[in-house]
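These notes are about the structure you will find just below.
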2 protein chains.
Amino acid sequence: MSLKLIGRPLAPLVERLARLSSLDDADREKLMALPHTLRTVGPSTHLVRDGDRAEACWLLLSGFAYRYKITGEGARQIVSIHIPGEFVDLQNSLLTVADHSVQTLSEAEVAVVPRQALRDLVLANPAIARALWVDTLIDASIFREWVVNVGRRHSRARVAHLLCELCLRLEAAGLSRGRRYELPMTQEQLADAVGLTSVHVNRVLKQLAEEGLIRRDRRSIIIEDWNRMRDTGDFNERYLHHDPQRLAAP
Amino acid sequence: MSLKLIGRPLAPLVERLARLSSLDDADREKLMALPHTLRTVGPSTHLVRDGDRAEACWLLLSGFAYRYKITGEGARQIVSIHIPGEFVDLQNSLLTVADHSVQTLSEAEVAVVPRQALRDLVLANPAIARALWVDTLIDASIFREWVVNVGRRHSRARVAHLLCELCLRLEAAGLSRGRRYELPMTQEQLADAVGLTSVHVNRVLKQLAEEGLIRRDRRSIIIEDWNRMRDTGDFNERYLHHDPQRLAAP
DNA sequence: CGTCGCATTGATGGAGGTCAAAGAGTGTGG
DNA sequence: CCACACTCTTTGACCTCCATCAATGCGACG
């Protein structure tokens with residue numbers, strides 16, 4: 001269902017990109033004017049399915065989503081979690097067939113941007129092209145960190161690392177209150193993000209809570225002791241590249 | 001040490017990018033004319049170190065390299081393996097500080113491209129910008145598959161998957177003879193790429209060889225039975241996006 | 001011919017998986 | 001307002017895959 005939202009619906013995207021790369025007012029206007037359709041979708045809605053032909057790019061305006069793949073044995077691995085303001089499949093603009101699926105975690109407002117519109121915008125605006133490229137590079141950096149997380153860290157560290165990452169990303173987007181944030185994920189989904197089982201994630205969370213590193217309140221996470229979480233999660237935020245990237249303008 | 005190589009040293013890059021995205025003759029010429037310094041470096045040479053300020057991008061012209069991170073506990077995770085024609089750290093063009101290290105596996109010829117030269121080229125040439133963006137998107141796709149590999153596959157499948165991936169990538173680059181290719185990696189390095197120990201990788205390789213799926217000859221891998229390797233590695237090449245991406249020109 | 005790095009093999013242990021059941025939170029319909 | 005249904009969380013018992021530790025083998029190279 002299409003619906004009109006107030007004002008400038010794409011603002012979260014523009015703010016995000018402007019944090020990553022310098023954009024002048026004209027660039028921002030052009031981004032805001034990107035043709036799109038707004039939709040509100042429920043939790044567990046598939047936005048993209050593995051194997052789909054790419055037709056549009058989905059931009060998350062509110063709510064959470066995740067990308068995942070299913071192995072031949074039927075196991076699911078979540079490869080990324082997305083927060084408002086992020087494109088969940090920017091690759092659809094240029095690659096022809098989706099190599100993974102995208103599903104919402106919560107109810108979400110999304111903007112559907114036709115693939116061609118994005119290509120045209122990028123072709124005509126080098127600064128926007130650069131901003132989107134930076135976005136893709138940071139995405140890739142996060143994937144690399146996830147490879148390390150599931151490949152070489154113990155269960156405690158994996159879970160702590162993920163919780164630290166989400167906390168900082170939400171903070172950068174202005175979506176957390178202090179060290180507390182909503183995390184609308186089941187323990188099974190958390191498990192699929194860190195390559196463990198839900199049973200084990202449950203034990204790890206329990207232990208982290210008992211030791212006073214975190215507190216859990218329904219689907220909220222409160223990081224009680226950031227320093228110890230950082231240590232047990234072997235977390236170094238450099239890979240998020242949140243430091244200002246705005247170098248001398250093009 | 002800088003040295004002059006014959007003809008058009010950047011040709012492997014141009015060929016690779018042209019496979020990924022449409023480039024006209026003018027674009028190709030501009031890429032070929034990218035300012036750079038050629039160097040020949042020995043095996044185990046660090047091209048980038050985690051934490052370095054990005055000054056240049058390294059392009060592999062011959063030989064192999066890999067990117068890795070070290071955890072707080074000192075474990076290494078290899079996050080990607082690179083073959084000739086690939087940029088090993090395109091992100092250096094736009095991100096300011098390296099979040100991982102890059103090291104050669106074998107002796108290698110590399111081109112060092114000043115970061116600013118690449119930025120300028122991209123800013124002035126949308127088609128080249130697009131090609132490099134596609135390159136980054138495919139890189140990211142491979143990282144995602146690696147997350148799945150270390151997160152959700154058993155040891156046999158992990159190793160088989162990696163061997164399948166390298167085979168196809170080398171084939172696409174015209175660097176394998178049939179199903180045989182040189183793989184200048186120790187079993188410890190293989191282990192760090194798939195999140196296992198070298199001891200276990202050794203046992204897996206032995207088993208794959210005993211069952212007739214592969215043959216090993218020094219540092220060469222021969223895939224004897226592609227179909228069974230594909231099955232045991234749960235390998236689906238779609239994520240490599242080797243299918244022609246050349247859609248209607250910009 | 002020694003030595004150095006890597007591969008190979010065996011023995012043992014543990015982190016995390018699997019299986020199964022009970023508990024808790026939330027929503028719904030009577 | 002309660003009963004029950006459904007999903008998710010929690011906990012316990014047991015087991016397996018892979019890590020760890022420790023030798024030994026072996027090929028390349030000075």
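Residue numbers start from 1 in every chain, and the chains themselves are labelled A, B, ... in the order their sequence lines are given, proteins ahead of strands.
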Quick one: does A:S220's side chain get under 4.5 Å of A:R215's, heavy atoms only?
-> no
Residue A:T186, side-chain heavy atoms: nucleotide from C:dT9, D:dT9, D:dC18 that is nearest | D:dT9
Among the nucleotides D:dG27, C:dG17, C:dG25, which one has an atom lying closest to any side-chain atom of A:H200?
-> C:dG17
Taking atom P of C:dA7 as reference, at what distance in whole Å does atom CZ of B:R216 sit?
-> 9 Å
Close side-chain approach of A:R180 to A:D217, heavy-atom, < 4.5 Å | yes
Would you indicate what A:R156 reaches in the nucleic acid, counting non-hydrogen atoms under 4.0 angstrom: base, sugar-phosphate, or nothing?
-> nothing
Do B:R76 and B:Q189 come within less than 4.5 Å of each other through their side chains, counting heavy atoms only?
-> yes
Using a heavy-atom cut-off of under 4.0 Å over every strand shown, decide if B:S155 touches base, sugar-phosphate, or nothing.
-> sugar-phosphate
Quick one: is C:dT9 close enough that its OP1 or OP2 comes under 4.0 Å of any side-chain N or O from B:K206?
-> yes
For B:R158, which contact category applies under a 4.0 Å heavy-atom criterion: base, sugar-phosphate, or nothing?
-> nothing
From C:dG17, C:dT9, D:dT11, nucleotide with atom closest to A:L196 side chain = C:dG17
Presence of B:R218 side-chain N/O under 4.0 Å of D:dA28 phosphate oxygens OP1/OP2 | yes
For D:dT10, does either OP1 or OP2 sit under 4.0 Å from a side-chain N or O belonging to A:N202?
-> yes
Quickly work out the B:D192 CG to D:dA19 P distance and round it to whole Å.
-> 11 Å
Between P of D:dA19 and CD of B:E73, the distance in whole Å | 14 Å
In whole angstrom, give the distance that lies between atom CD of B:E210 and atom C1' of C:dT9.
-> 12 Å
Among C:dT18, C:dT8, C:dC6, which is the nearest nucleotide to the side chain of B:R219?
-> C:dC6
Dump the intermediate steps for side-chain hydrogen bond (donor to acceptor under 3.5 Å, both in side chains) on B:Y68 and A:R144, then the final yes or no.
-> CA-CA 9 Å; B:Y68 71 93; A:R144 284 193 294 273; over 6 Å; no
Identify, between B:S198 and A:L205, the residue whose nearest nucleotide on DNA chain D lies closer to the 5' end.
-> A:L205
Atom CG of A:L190 and atom C1' of D:dT9 are separated, to the nearest Å, by 12 Å
Does D:dT20 have OP1 or OP2 sitting under 4.0 Å from an N or O in the side chain of B:R203?
-> no
Are side-chain heavy atoms of A:E145 and A:L240 found at a separation under 4.5 Å?
-> no
Take atom CD of A:Q207 and atom P of D:dG12, then tell me their distance rounded to the nearest Å.
-> 14 Å
Specify the separation, in whole Å, of atom CD of A:Q187 and atom P of C:dG25.
-> 13 Å
For residues 137-189 of chain B, which residue pairs qualify under ring pair (Phe, Tyr, Trp, His ring centres under 6.0 Å), counting only residues two or more places apart or in two chains?
-> B:H161-B:F235, B:H161-B:Y239
Atom CE of B:M185 and atom C1' of C:dG5: how far apart are they, to the nearest Å?
-> 16 Å
Identify each atom pair where a protein N or O and an N or O of nucleotides 20-22 of chain C are less than 3.5 Å apart, giving names and distance.
none

Considering only side-chain heavy atoms of B:H154, which listed nucleotide, C:dA7, D:dC18, D:dT9, is closest?
-> D:dC18
Among B:D139, B:D50, B:D99, B:D89, which one satisfies side-chain hydrogen bond (donor to acceptor under 3.5 Å, both in side chains) with B:R67?
-> B:D139
Do the non-hydrogen side-chain atoms of B:L213 and B:I223 ever get within less than 4.5 Å of each other?
-> no
